[in-house]
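A short worksheet on the structure shown next.
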Amino acid sequence: MYKRKISAEDKIYAVNLYLNGKESQHRIASMFDVSVASVQQWIRNYESLGANAFIVKKYKKYSKDLKQQAVLDYLVGRGSQDDICKKYGIRSKAKLQIWIKKYNGYEELKSSGTGGNAIMTKGRKTTFEERVEIVQYCIAHNRNYAKTAEQYHVSYQQARSYTVKYETGGVEALRDNHGKRKSPDEMNELEKLRAEVKILKAEKERAEMEASFLKKLDEIEKRRG
């Protein structure tokens, strides 16, 4: 099927018709003899990249870090596919959908055209002490599971699972990989207290940072008022 080629100037004109409220997406699609989905993609790309979005390039490269963060943002509900594409300058939802499928299928996500390193999607064995460190780091960094996974060379799922287990079952839930609670005799009381103090310290520091940030925001609002 012949696919009509639309010039960069026409795409910019079409997008501005919509953004300025002069025409609907359906009307623009009819004017240029393209699908509504194509118009939506022009709008998304323009809002993300500006007029440069329509400069013809043979192949846009995406780093493995960008692919990973885009996929993880979508999986944890930080926006729709349209939102994620706009945020990361991804030219097509189809690309994002392919990356999501690969990630969920435990396939490698590599930098485009570079053969880059694989994102770790399968977990590794960790000790109790490591799990405490992972949870402490994750909480201190605003529960950024992707950053935590990269820091400790574990999977995103592990970083999230350990943090959730701690929040629901305390440090005892980190004692084994299944989150089963051990009897008091199996966990030295001093060991337990040390682990709890370490994580509670991270929670306290995070709370103090948030309070300081809110205080600064309040001061800015008062100055503006």
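All values below were derived from every heavy atom in this structure, side-chain atoms included, with hydrogens, water molecules and symmetry-related copies excluded.
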With heavy-atom distances below 4.5 Å as the criterion, would you say the side chains of [X] and [Y] are in contact?
X: Tyr18; Y: Val39; answer: no
X: Trp99; Y: Leu66; answer: yes
X: Lys11; Y: Asn45; answer: no
X: Leu96; Y: Tyr88; answer: no
X: Met31; Y: Arg27; answer: yes

[X]: salt bridge (Lys or Arg N to Asp or Glu O under 4.0 Å) partners, not counting sequence neighbours:
X: Glu47; value: Lys86
X: Arg44; value: Asp82
X: Asp83; value: none

Hey, could you give me the [atom1]/[atom2] distance between [X] and [Y], rounded to the nearest 0.5 Å?
X: Lys22; Y: Tyr13; atom1: NZ; atom2: OH; answer: 7.5 Å
X: Tyr152; Y: Glu130; atom1: OH; atom2: CD; answer: 9.5 Å
X: Gln151; Y: Cys138; atom1: CD; atom2: SG; answer: 11.5 Å
X: Leu174; Y: Lys165; atom1: CG; atom2: NZ; answer: 8.0 Å
X: Glu133; Y: Thr126; atom1: CD; atom2: OG1; answer: 12.0 Å
X: Arg131; Y: Ile134; atom1: CZ; atom2: CD1; answer: 8.0 Å

Which pair of non-hydrogen atoms, one from Ala14 and one from Trp42, has the smallest distance, and what is that distance?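 The answer is CB-CZ3, 3.8 Å.
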Could you pull out the closest heavy-atom pair between Ala149 and Ala159, with the gap in Å?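 Nearest heavy atoms, Ala149 then Ala159: N-CB, 4.2 Å.
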For a quick check under 3.5 Å, do Gln158 and Tyr162 share a side-chain donor-acceptor pair by atom type?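 Their side chains do contain a donor-acceptor pair, which is all the 3.5 Å distance test asks for.
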Under 3.5 Å, is there a donor-acceptor pair between the Asp65 and Gln69 side chains?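 No, no side-chain donor-acceptor pair sits under 3.5 Å.
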If two hydrophobic side chains count as joined below 4.5 Å and joins carry through other members, does [X] share a cluster with [Y]?
X: Val164; Y: Val171; answer: no
X: Leu19; Y: Leu17; answer: yes
X: Phe128; Y: Ile139; answer: yes

